[in-house]
Chemist: 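Starting off with a structure, shown below.
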2 protein chains.
Amino acid sequence: MVTIKDVAKVTGVSPSTVSRVIADNPRISPATKKKVREAMEHLGYHTNIHARNLVAKSTKAIGVIMPSSADKALQNPFFPEVLRGIGSVIHERQYSLTLSSGETEQEILAEVQRMVYGSYVDGVILLYSRVDDPVMSFLQERDFPFVMVGKPFEKLQEITHVDNDNFTAGKQITNYLIASGHEKIAFIGGSKDLFVTRDRESGYQSALTDAGLPNNDAYKIHTEFLKSGGREAVERLLSLPVRPTAIVVTDDLMSLGVLSTLEESGVQVPRDISLVSFNNAYLSEITRPALTTVDIHIHELGAQSARALIERTVDKTVPSRRIIVPYNIIYRNSVSEQ
Amino acid sequence: MVTIKDVAKVTGVSPSTVSRVIADNPRISPATKKKVREAMEHLGYHTNIHARNLVAKSTKAIGVIMPSSADKALQNPFFPEVLRGIGSVIHERQYSLTLSSGETEQEILAEVQRMVYGSYVDGVILLYSRVDDPVMSFLQERDFPFVMVGKPFEKLQEITHVDNDNFTAGKQITNYLIASGHEKIAFIGGSKDLFVTRDRESGYQSALTDAGLPNNDAYKIHTEFLKSGGREAVERLLSLPVRPTAIVVTDDLMSLGVLSTLEESGVQVPRDISLVSFNNAYLSEITRPALTTVDIHIHELGAQSARALIERTVDKTVPSRRIIVPYNIIYRNSVSEQ
DNA sequence: CTGTTAGCGCCTTCAA
DNA sequence: TTGAAGGCGCTAACAG
């Protein structure tokens, strides 16, 4: 292994000088800089991060924590896409990215503790939001830099987080349905414990209210991402005395299940029932019909969270803030005029 | 930060003793071990990896390299799933996982070099296989431990890799079609540059030949994962004078596109055309009809690759080998009897 | 502008 | 069974 000393020896300067040219210290003459750099190149020098981190107290690495993989949600194309978003800025800033690998909540907590105490990373991005999350409590107590993708359940003001305006998105997409002549609009969402679900549902609600449409609890269904959940939801809706003519579904993957079950039951989309969705995952484009969906810019959610986190790790005093990533609606073929 | 010295001071032993109990050195008396451990617990001691790695020369970290994200393939649920598989053994072995973040081939190469030279990781898992891959060449030249998920293009014997028997899988699923009475069977695969495609296609071919069925080039189509690709493939097939009655598609995500296009063109699956697929991604179960598909045990591919890699990093002399993960066919509703 | 000195936290001989 | 001493590779004062 080529060390700083080796290049120092070859160049005839001191190790600290070499260290300085690595840091591009302005107080080093261009001449020696050039000389040293050539030697580094020539010898194939590469700085050892462990040595560096040991003294520098900064790792230029960030940890990304996935939800416990008990959550089937992991199958959601959402994750590769946020990871890409995070990766893009990580890479641009020359950071590295450590991914959590725990499966249960406890394992994940232990892992995060190891990351923090062992100084594996400078900061952490949480890709989920849970009530009473021990991981988050731990991070807060230790005052360790972290950012959440999504919306924290409490202390909104104290936690930097990156989210969409899901309320308005839900409202707007529902309004679109209303403008298309629909009045009997149902809602299928994930667990009520998730803020995404809640916010989108509130928006849906609000649109109905504003339009003077009735609030029908039987039209609101909360289910799992799983097929069985989607199936059950649809069956419930179809067995209603008055069937909805449109459904707002909070996730493209769920929409795929809903779509299938709907058509299996002989109802055609959008002829019989219209569908709108969220996320604009790749598959929303290749379903039949292609889904009208809210593009929440997943990549951007990731990128922004990484930017915000790095900013915090560099300067701990930057105030926490809420970052809203804009969305836009992609109109395709899953909605019919009434 | 609590260091080894702190617990030494509190316990009244020397730092080296503390270091020894951390390593669970047998030559330390149970009494002092107990004493030291309690102090560690009490003070909240956690070992600093950078200090450790600096001397230990092993990082207990492995790098996972994704394909360049230009590849839309990243949207494939395959990746989260291998990651989970890798993560499971990473976690069990108390390793950590660094994910590549580069977008282009060059960026990725630079990243891998940084990982290797800077001793970020002990070994690397390649989640893709490319001809003339500079990353792989680099790893080989440096004799740096790595494992590939999939099949390398050359030096099969020299490179440890984890793969399915895609030939046999392709053959078996095609035989199933034949056994169901199909004789005009088409094939839609990804790029011919991918071994997965090639192997599965060879298997398909072989099944046809064995059954004495004709080899029709017009029935074999290579396309992208993208919608447009799937669409074009299907259109080509449907415009043929003699339409196939069944199609082998090499990926569930592609199948979704094929399915959509097929039904848009008014052909029903499986009534008019049957479909079989590969991977058994979550979505293969929620399409309509649910897909008969080869479950390649993605999670296991990941887990095995991690195991093999760790084995190699621990003992560089273990010979390279080929690890075959078994597959099995999941029968669902996308195939009809002829 | 550059060299010297002193660690960062840990592990590992070598002695005792 | 334990302690003392040195060093892993790098950076950061402090001197010049």
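As a basis for the values below, the full set of heavy atoms in this structure was taken, side chains included, without hydrogen atoms, waters or symmetry mates. Chain letters run A, B, ... following the sequence lines, proteins first and then strands; every chain starts at 1.
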Chemist: Give a yes-or-no answer on whether the side chains of Gln157(A) and Ser320(A) include a donor-acceptor pair shorter than 3.5 Å.
Modeler: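 There is no such pair between these side chains.
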Chemist: Between C1' on dG9(D) and CG on Asp6(A), what's the gap in Å once rounded to a whole number?
Modeler: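 After rounding, the gap between these two atoms is 10 Å.
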Chemist: Please tell me if Tyr117(A) has a side-chain N or O lying less than 4.0 Å from either OP1 or OP2 of dG9(C).
Modeler: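 Looking at the OP1 and OP2 atoms of dG9(C), neither is under 4.0 Å from any side-chain N or O of Tyr117(A).
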Chemist: Do the side chains of Arg321(A) and Glu158(A) get close enough for a salt bridge, i.e. N-O under 4.0 angstrom?
Modeler: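 No, this pair does not count.
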Chemist: So what does Arg27(A) touch, heavy atoms closer than 4.0 Å: a base, only the sugar-phosphate, or nothing?
Modeler: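 The residue Arg27(A) makes base contact.
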Chemist: How long is the line joining NZ of Lys60(B) and P of dC10(C), in whole Å?
Modeler: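 Rounded to the whole Å, the gap is 16 Å.
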Chemist: Between dC10(D) atom P and Met40(A) atom CE, what is the distance in whole Å?
Modeler: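 Rounded to whole Å, this separation is 11 Å.
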Chemist: Has Thr17(A) got a side-chain N or O lying under 4.0 Å from the OP1 or OP2 atom of dG3(C)?
Modeler: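 Checking Thr17(A) against dG3(C): at least one side-chain N or O falls below 4.0 Å of OP1 or OP2.
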Chemist: Rounded to whole angstrom units, what separation is found between the CG atom of Asn48(B) and the P atom of dG9(D)?
Modeler: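 Taking CG of Asn48(B) and P of dG9(D), I get 17 Å after rounding.
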Chemist: Please determine, for the side chain of Arg20(A), which listed nucleotide (dA4(D), dC10(D), dT2(C)) has the closest atom?
Modeler: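 Nearest to the side chain of Arg20(A) among the choices is dT2(C).
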Chemist: Where the side chain of Val13(A) is defined as all heavy atoms beyond and including C-beta, which of dG3(C), dC10(C), dC8(D) is the nearest nucleotide?
Modeler: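 Nearest nucleotide to the side chain: dG3(C).
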Chemist: Base, sugar-phosphate, or nothing: which does Ser16(A) touch, judged by heavy atoms less than 4.0 Å apart?
Modeler: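 Base contact.
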Chemist: Tell me: CG of Leu54(B) to C1' of dG6(D), nearest whole Å?
Modeler: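 Result: 13 Å.
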Chemist: Does one side chain, of Tyr117(A) or Asn48(B), offer a donor that lies under 3.5 Å from an acceptor on the other?
Modeler: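 No, no side-chain donor-acceptor contact under 3.5 Å.
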Chemist: Compare side-chain N and O positions of Lys57(A) against OP1 and OP2 of dG9(C) and report whether any pair is under 4.0 Å apart.
Modeler: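 Yes, within the criterion.
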Chemist: Out of dG9(D), dC10(C), dC11(C), which has the shortest distance to the side chain of Ser19(B)?
Modeler: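 Closest nucleotide among those given: dC11(C).
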Chemist: Heavy atoms under 4.0 Å, any strand shown: does Ile4(B) hit a base, just sugar-phosphate, or nothing?
Modeler: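 Answer is sugar-phosphate: Ile4(B) comes under 4.0 Å of backbone atoms only.
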Chemist: Nearest whole angstrom, please: distance from the C1' of dC8(C) to the CD1 of Ile49(A).
Modeler: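 In whole Å, dC8(C) C1' lies 15 Å from Ile49(A) CD1.
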Chemist: Using a distance-only test with no angle check, is there a side-chain donor-acceptor pair under 3.5 angstrom linking Tyr95(B) and Asp122(B)?
Modeler: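 Not at all, the side chains of Tyr95(B) and Asp122(B) share no donor-acceptor pair under 3.5 Å.
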Chemist: Is Thr32(A) close enough to dT2(C) that one of its side-chain N or O atoms is under 4.0 Å from OP1 or OP2 there?
Modeler: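 Answer is yes, contact under 4.0 Å.
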Chemist: dG3(D), OP1 or OP2 - any side-chain N/O from Ser14(B) closer than 4.0 Å?
Modeler: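 It does, given that an N or O in the side chain of Ser14(B) lies less than 4.0 Å from OP1 or OP2 of dG3(D).
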Chemist: If you take all heavy atoms of Arg114(B) and Gln94(A), which pair is closest and at what distance?
Modeler: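 In terms of heavy atoms, the two residues are closest at NH1-O, 3.3 Å.
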Chemist: Any idea which of dC1(C), dC10(D), dG9(C) is nearest the Ser29(A) side chain?
Modeler: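 Closest nucleotide among those given: dC1(C).
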Chemist: Over how many whole Å does the gap from His46(A) atom NE2 to dC10(D) atom C1' extend?
Modeler: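 After rounding, the reported distance stands at 16 Å.
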Chemist: Would you please say whether a donor-acceptor pair under 3.5 Å links the side chains of Ser19(A) and Ser16(A)?
Modeler: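 No, no side-chain donor-acceptor pair sits under 3.5 Å.
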Chemist: Which sits closer to the 5' end of DNA chain D, Lys5(A) or Ala23(A), going by the nucleotide each is nearest to?
Modeler: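 Whichever sits nearer the 5' end wins; that is Lys5(A).
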Chemist: Ignoring backbone atoms, establish whether Arg52(A) has a side-chain N or O less than 4.0 Å from OP1 or OP2 of dG9(D).
Modeler: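 Result: no.
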Chemist: Starting at CG of Asp24(B) and ending at P of dC10(C), how long is that distance when rounded to a whole Å?
Modeler: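 In whole Å, dC10(C) P and Asp24(B) CG are 17 Å from each other.
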